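The structure under discussion appears below in the form of structure tokens.
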Amino acid sequence: MKQAVFDIGSNTIRLCIYEVQGQQRKLILNERVMARLGSKTKDGVMTDEGINAACDAIITLKDYLKQQPADKVLAFATAAVRNVRNTEAVVDAIRERTGLAVDVLSGEEEATLTFLGASRERDIRDGVIADIGGGSTELILVKNGAVTDTVSFPIGSLTAFVRFVNHRPAEKSDIHAIREHVKGLLSGHFAPETCGEVLYGIGGAARAAIELEKLLYPRAVGAIETLETLLSRLLADEELAEESILKASPERLDTALPGVAILCEVAHFFGCEKLDICHGGVREGYLEKNVAR
């Protein structure tokens, strides 16, 4: 049996197809289109350019279903569609032009499904799960294998770039503003004594951070202290920053440093010493919930 899911995010629109045998789910196709919907809004409304970009990306990705037909096809959207004032119009346009019915997840649903997907991959007993997307950041606190708190903040690597940077290269003052904003969100929701040793990173921002670390500090293994050093070094050297991001994650030339900044500020707040990449996330959680239903 094959299951397919469209993930409509702020940076990318992605199609994943899984081969399912019993309780096992194997990823057999993972394709994406960089639609950057998070930057295609005006006055809180997704523009016609954004709606067209979403529909065009989905139509392009649907061609893969001709090569790999799926028994079940699902679609969900996160912050890019959730946080605009014309959500219903966006969903209607996608359905009319692509035939795809899109489920718009709330921030709480996204966080809960992220934990569900991550827990399929590994047994997370204690720590903080951070899914930094293009338009939002979902945080899940885990203690003794159980979720104790979830929250979704309306800032991600792309929206941080658009709001606080919006030029290249990013400057220290831009990154400082991002971190101060994230710090305010964290302190407004969590008690100061909330802590977690390991930060489980999900999504492109966390993966880009690790790829940059591998490139510049190959002996490091996800140490938050190293990521802080990396961020400072790249902000101080424009040429090195561009060269490194183009090698590590070229599609994130604008958003890599804002993503690392959010990641580091979250780690700093909770006192996390290590970043551990977790590949399972909201897509796997969404399939788990809906296929079971």
Side-chain angles (χ1 to χ4, degrees), residues 10-12 36 38-39 127-139 153-187 190 194-278:
S10 297
N11 250 330
T12 63
R36 292 176 65 91
S39 64
V128 182
I129 301 173
D131 185 356
I132 303 171
S136 66
T137 294
E138 280 63 52
L139 299 176
F153 293 133
I155 186 169
S157 59
L158 179 57
T159 49
F161 173 80
V162 172
R163 179 174 176 182
F164 294 100
V165 187
N166 212 23
H167 58 85
R168 194 188 304 154
E171 299 175 1
K172 290 182 181 180
S173 59
D174 303 325
I175 297 302
H176 177 74
I178 292 172
R179 296 191 65 156
E180 284 297 304
H181 180 73
V182 172
K183 180 181 178 180
L185 293 173
L186 291 165
S187 60
F190 297 101
T194 311
C195 62
E197 182 179 345
V198 178
L199 183 64
Y200 294 94
I202 294 175
R207 290 193 298 270
I210 287 294
E211 290 304 313
L212 284 168
E213 182 194 62
K214 288 178 182 177
L215 183 66
L216 296 174
Y217 302 96
R219 294 184 180 180
V221 284
I224 298 300
E225 184 178 359
T226 305
L227 291 179
E228 290 278 11
T229 302
L230 179 151
L231 182 59
S232 296
R233 183 179 173 188
L234 294 185
L235 286 171
D237 191 331
E238 174 186 343
E239 186 176 343
L240 177 65
E242 182 166 332
E243 178 185 316
S244 300
I245 296 170
L246 286 173
K247 287 181 179 178
S249 188
E251 72 279 6
R252 295 182 179 274
L253 191 56
D254 291 334
T255 61
L257 295 187
V260 175
I262 296 172
L263 193 69
C264 286
E265 193 57 38
V266 170
H268 177 74
F269 182 87
F270 292 108
C272 301
E273 298 179 357
K274 181 183 177 183
L275 172 65
D276 189 0
I277 297 298
C278 197

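Keep in mind the model is a prediction, meaning the values are calculated, not measured. Values reported hereafter were calculated over all heavy atoms of this structure, with side chains retained and with hydrogens, waters and symmetry mates removed.
The CZ atom of Arg207 sits 11.0 Å away from atom SG of Cys278, with the distance rounded to the nearest 0.5 Å. The CG atom of Leu240 sits 8.0 Å away from atom CG of Leu215, with the distance rounded to the nearest 0.5 Å. Interatomic distance, CZ of Phe153 versus NE2 of His181, reported as 9.0 Å (0.5 Å rounding). Atom CG of residue Leu257 and atom CG of residue Leu212 lie 7.5 Å apart, to the nearest 0.5 angstrom.
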Candidate pair Val165 and Ile178, rule side chain to side chain contact (heavy atoms under 4.5 Å, CB included), full reasoning | CA-CA 9 Å; Val165 187; Ile178 292 172; 4.0 Å; yes
Give the intermediate values and the outcome of side chain to side chain contact (heavy atoms under 4.5 Å, CB included) for residues Val260 and Leu234.
-> CA-CA 11 Å; Val260 175; Leu234 294 185; over 6 Å; no
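Scanning for ring-ring contact (aromatic ring centres under 6.0 Å, His included) contacts around Phe190 gives Phe270, with sequence neighbours left out. Take Thr226 and apply the side-chain contact (heavy atoms from CB on, under 4.5 Å) test, not counting sequence neighbours, and it matches Glu213, Tyr217, Ala220, Ala223. Remark: Lys172 engages no residue in a salt bridge (charged side-chain N to carboxylate O under 4.0 Å, His left out) (not counting sequence neighbours). Applying the salt bridge (charged side-chain N to carboxylate O under 4.0 Å, His left out) test to Asp254 and every residue at least two apart in sequence or in another chain returns Arg36, Arg168.
Counting only distance, with no hydrogens or angles, the side chain of Ser232 and the backbone of Thr229 share no donor-acceptor pair below 3.5 Å. Counting only distance, with no hydrogens or angles, the side chain of Thr137 and the backbone of Ile155 share a donor-acceptor pair below 3.5 Å. Of the possible donor and acceptor atoms, none in the side chain of Ser249 sits under 3.5 Å from a partner among the backbone N and O of Ala208. Here the side chain of Ser244 pairs no donor or acceptor atom with the backbone of Ala241 at under 3.5 angstrom.
When all heavy atoms of Ser157 and Asn11 are compared, the pair lying nearest together is OG-ND2, 3.8 Å. Summarising the geometry of Ile175 relative to Ala170, their closest heavy-atom pair is CD1-CB, 4.3 Å, with the distance given to 0.1 Å. In this structure, Cys272 and Ile224 approach most closely via the heavy-atom pair O-CG1, 3.5 Å. Listed here is the closest heavy atom pair of Val162 and Ser39: CG2-CB, 4.1 Å. Contact detail for Leu263 and Ala209: the closest heavy-atom pair is CD2-CB, 3.7 Å. When all heavy atoms of Tyr200 and Gly127 are compared, the pair lying nearest together is CE1-CA, 4.2 Å.
Within the 4.5 Å cutoff, the side chain of Leu139 has heavy atoms near those of the Leu186 side chain. With contacts defined as side-chain heavy-atom distances shorter than 4.5 Å, the pair Asp174/Leu235 does not qualify. At a threshold of 4.5 Å between non-hydrogen side-chain atoms, the residues Phe269 and Val182 do not count as touching.
Listed by first and then second residue, the salt bridge (charged side-chain N to carboxylate O under 4.0 Å, His left out) pairs that reach into residues 233-243 are Glu243-Lys247, sequence neighbours excluded. Legend: side-chain hydrogen bond (donor to acceptor under 3.5 Å, both in side chains) pairs involving residues 263-273, not counting sequence neighbours, sorted by first then second residue: Arg179-Glu265.
More than 12 non-hydrogen atoms from other residues, nucleotides or ligands lie less than 6.0 angstrom from CD of Glu180.
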